[in-house]
Amino acid sequence: MLWSDPENEPPKELRDMQAMLRRLGVLVALAMVLSMLMIGMG
């Protein structure tokens, strides 16, 4: 592979899916923290 070769980026669908999965992971983590707090309070 030569230095002059263009970088092979993943297709747009793959990048979109990765971004969506990252957001889902953050949401799940937040939901878990919130439920822990609710259980702790109750």
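Since we're looking at a predicted model, the values are computed, not measured. Values below: every heavy atom of this structure, side chains too, minus hydrogens, waters and symmetry copies.
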Which other residues belong to the hydrophobic cluster containing [X], where Ile, Leu, Val, Met, Phe, Trp and Tyr are joined when side-chain heavy atoms lie under 4.5 Å apart, directly or via other members?
{"X": "L21", "result": "M17"}
{"X": "L30", "result": "V26"}
{"X": "L27", "result": "none"}

For residues 33-42, run the donor-acceptor check on the side chains, cut-off 3.5 Å, and write out each pair with its distance to 0.1 Å, sequence neighbours left out.
residue	atom	partner	partner atom	Å
S35	OG	A31	O	3.2
S35	OG	M32	O	2.7

Sequence neighbours left out, what pairs pass side-chain hydrogen bond (donor to acceptor under 3.5 Å, both in side chains) with at least one residue falling in residues 10-22?
-> K12-D16
